[in-house]
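In what follows, every heavy atom counts, from backbone to side chain, and hydrogens, waters and symmetry copies are set aside.
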Amino acid sequence: QISSFSGYGSQAWALDNIAAVGRGPQEIENDFESVTTCDVFGQSRRDYKNYCSSASKALVFSGTSAIGHFLTLVPLYIPHRGVSPSTSYSFLFIEDFESIPAIPGIKWATIIGGKISIPYCGAIDATGAGYAAYFNQTGNRYIQTQSFDLTRAQSLSFKIRIVGGSGCEDAARGEDIVVEYQARGDSTFIKLIQLANDNYITTRTVSINLPFRAQSRATVLRWRQLSNGGYGTDEWAIDQVRISSILVTLFSETFDTAPIIGGAKWASISGGSFLTPDCGSIDFLQGANGRAAFFQQPGDRSIQTQPLDLSNAKLNFVISCTYW
């Protein structure tokens, strides 16, 4: 905003390449290349005074105005969307081990008790030749990254199998795998997640959101087995490691289909029901029918989930009041 002008064409200014961006996908963007009318943003998301679009495809302000020249947008809901971190542009770190990375090298600092090879019990990923970080040696077993700037990172995903496969024994209790991190300034590693061996006898993808502390300018990640029975026993492997700038969705509810109370997600609702609010839809993401958890009955008004594992979760929701 510029508050004063001395006349037409003087102190003219322009805007271009506007974008609202975060650690997820861009939610609003305009480079004005397709502008043919003055309604540049469309719908009701504008309040423009004294502007026009120029031949150079920008938003130009000029002319005399007692109130100045300005552009405003009505409040926009720009969610920190949580999705499966599979969009290629979101990846900050990718490792599929197919090129057999040097260790130590650019990505990995150390591998102990293992090597980059095709696991004895069979590949854990169907793509490529099947190489993975595979552990079957005596003593400590772990792999550790170099220190990375994870200030833009939101989630970590990887494939893992703990023993399993043809000719391989089952791991015993206590031979779990832990994923740990050491942030900038930390002297020890902090546990991010512990993977029970009996839950990963077949290949599974693990996706987890990173806690704020792990989002430092110099963070190290480590996969480590708590114990093992020695050479050729309690084998495990990881593959397809990804660090993403997009959150993993741990829980999602749009209410477009009325959920079952007492079901997998919701335990109870009081003083409300699932319908389009009297004041209109509050769904800025333009859901199918505008339905929400709407509360208007006398007495207690609440909605409660079932118990959820929200380790490292980040919460987003839309809330609004009725008006009459």
Side-chain angles (χ1 to χ4, degrees), residues 22-28 43 75-87 90 154-162 164 176-177 179 191-212 240 242 244-324:
R23 291 176 176 172
Q26 293 186 174
E27 298 295 346
I28 182 170
Q43 300 179 2
L76 295 178
Y77 174 61
I78 303 180
H80 212 138
R81 288 184 177 172
V83 298
S84 177
S86 58
T87 309
S90 73
Q154 290 290 327
S155 60
L156 168 69
S157 67
F158 55 93
K159 290 186 176 182
I160 186 170
R161 189 179 68 216
I162 307 175
D176 301 345
I177 309 300
V179 184
K191 183 172 68 175
L192 184 60
I193 190 173
Q194 182 166 334
L195 308 174
N197 62 74
D198 53 355
N199 290 334
Y200 297 90
I201 58 175
T202 58
T203 300
R204 291 179 59 181
T205 297
V206 177
S207 298
I208 48 179
N209 290 323
L210 296 172
F212 177 77
Q240 300 295 322
R242 304 285 188 269
S244 173
S245 62
I246 295 179
L247 289 168
V248 178
T249 298
L250 304 177
F251 177 94
S252 177
E253 181 63 81
T254 64
F255 299 111
D256 288 341
T257 300
I260 298 173
I261 298 300
K265 292 182 177 180
W266 298 101
S268 64
I269 184 171
S270 299
S273 56
F274 305 110
L275 47 79
T276 301
D278 291 347
C279 57
S281 173
I282 66 170
D283 186 356
F284 291 92
L285 297 181
Q286 301 175 347
N289 51 31
R291 186 180 286 125
F294 177 50
F295 301 87
Q296 61 179 349
Q297 303 301 321
D300 176 56
R301 296 177 179 176
S302 64
I303 186 169
Q304 180 175 313
T305 69
Q306 298 286 8
L308 302 170
D309 181 358
L310 297 182
S311 303
N312 305 321
K314 300 177 182 180
L315 178 65
N316 285 316
F317 60 94
V318 180
I319 189 169
S320 181
C321 299
T322 58
Y323 57 88
W324 304 97

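- A distance of 9.5 Å separates CG in Leu210 from OG in Ser244, rounded to the nearest 0.5 Å.
- Between Phe274 and Trp266, the distance from one ring center to the other does not fall under 6.0 angstrom.
- Between the side chain of Asn209 and the backbone N or O of Val248 there is at least one donor-acceptor pair closer than 3.5 Å.
- The main-chain N or O of Gln296 is found under 3.5 Å from a side-chain atom of Arg301 such that the two form a donor-acceptor pair.
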With side-chain contact (heavy atoms from CB on, under 4.5 Å) as the criterion, how do Ile160 and Thr203 come out once you've worked through the C-alpha distance, each side chain's angles and the decisive distance to 0.1 Å?
CA-CA 6 Å; Ile160 186 170; Thr203 300; over 6 Å; no
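- In this structure a side-chain-to-backbone donor-acceptor pair under 3.5 Å is present from Arg204 to Asn199.
- Taking OG from Ser207 and CG from Leu247, the interatomic distance works out to 12.0 Å, rounded to the nearest 0.5 Å.
- Taking 4.5 Å as the limit, every side-chain heavy atom of Leu275 sits out of range of all side-chain heavy atoms of Phe255.
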Candidate pair Ile269 and Phe295, rule side-chain contact (heavy atoms from CB on, under 4.5 Å), full reasoning:
CA-CA 9 Å; Ile269 184 171; Phe295 301 87; 3.8 Å; yes
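- Judged purely by atom type and a 3.5 angstrom limit, Ser155 uses its side chain to pair as donor or acceptor with the backbone of Ile246.
- A donor-acceptor pair under 3.5 Å is absent between the side-chain atoms of Asp176 and the main chain of Gln194, judged by distance alone.
- The heavy-atom pair separating Ile162 from Ala196 by the smallest distance is CD1-O, 4.2 Å.
- We find the CG-CD1 distance between Leu156 and Ile208 to be 5.0 Å, quoted to the nearest 0.5 Å.
- The CD atom of Gln306 sits 8.5 Å away from atom OG of Ser268, with the distance rounded to the nearest 0.5 Å.
- Counting only distance, with no hydrogens or angles, the side chain of Thr249 and the backbone of Phe251 share no donor-acceptor pair below 3.5 Å.
- To the nearest 0.5 angstrom, Thr305 atom OG1 is 11.0 Å from Glu253 atom CD.
- For the atom pair Arg242 CZ and Ser157 OG, the distance stands at 7.0 Å (nearest 0.5 Å).
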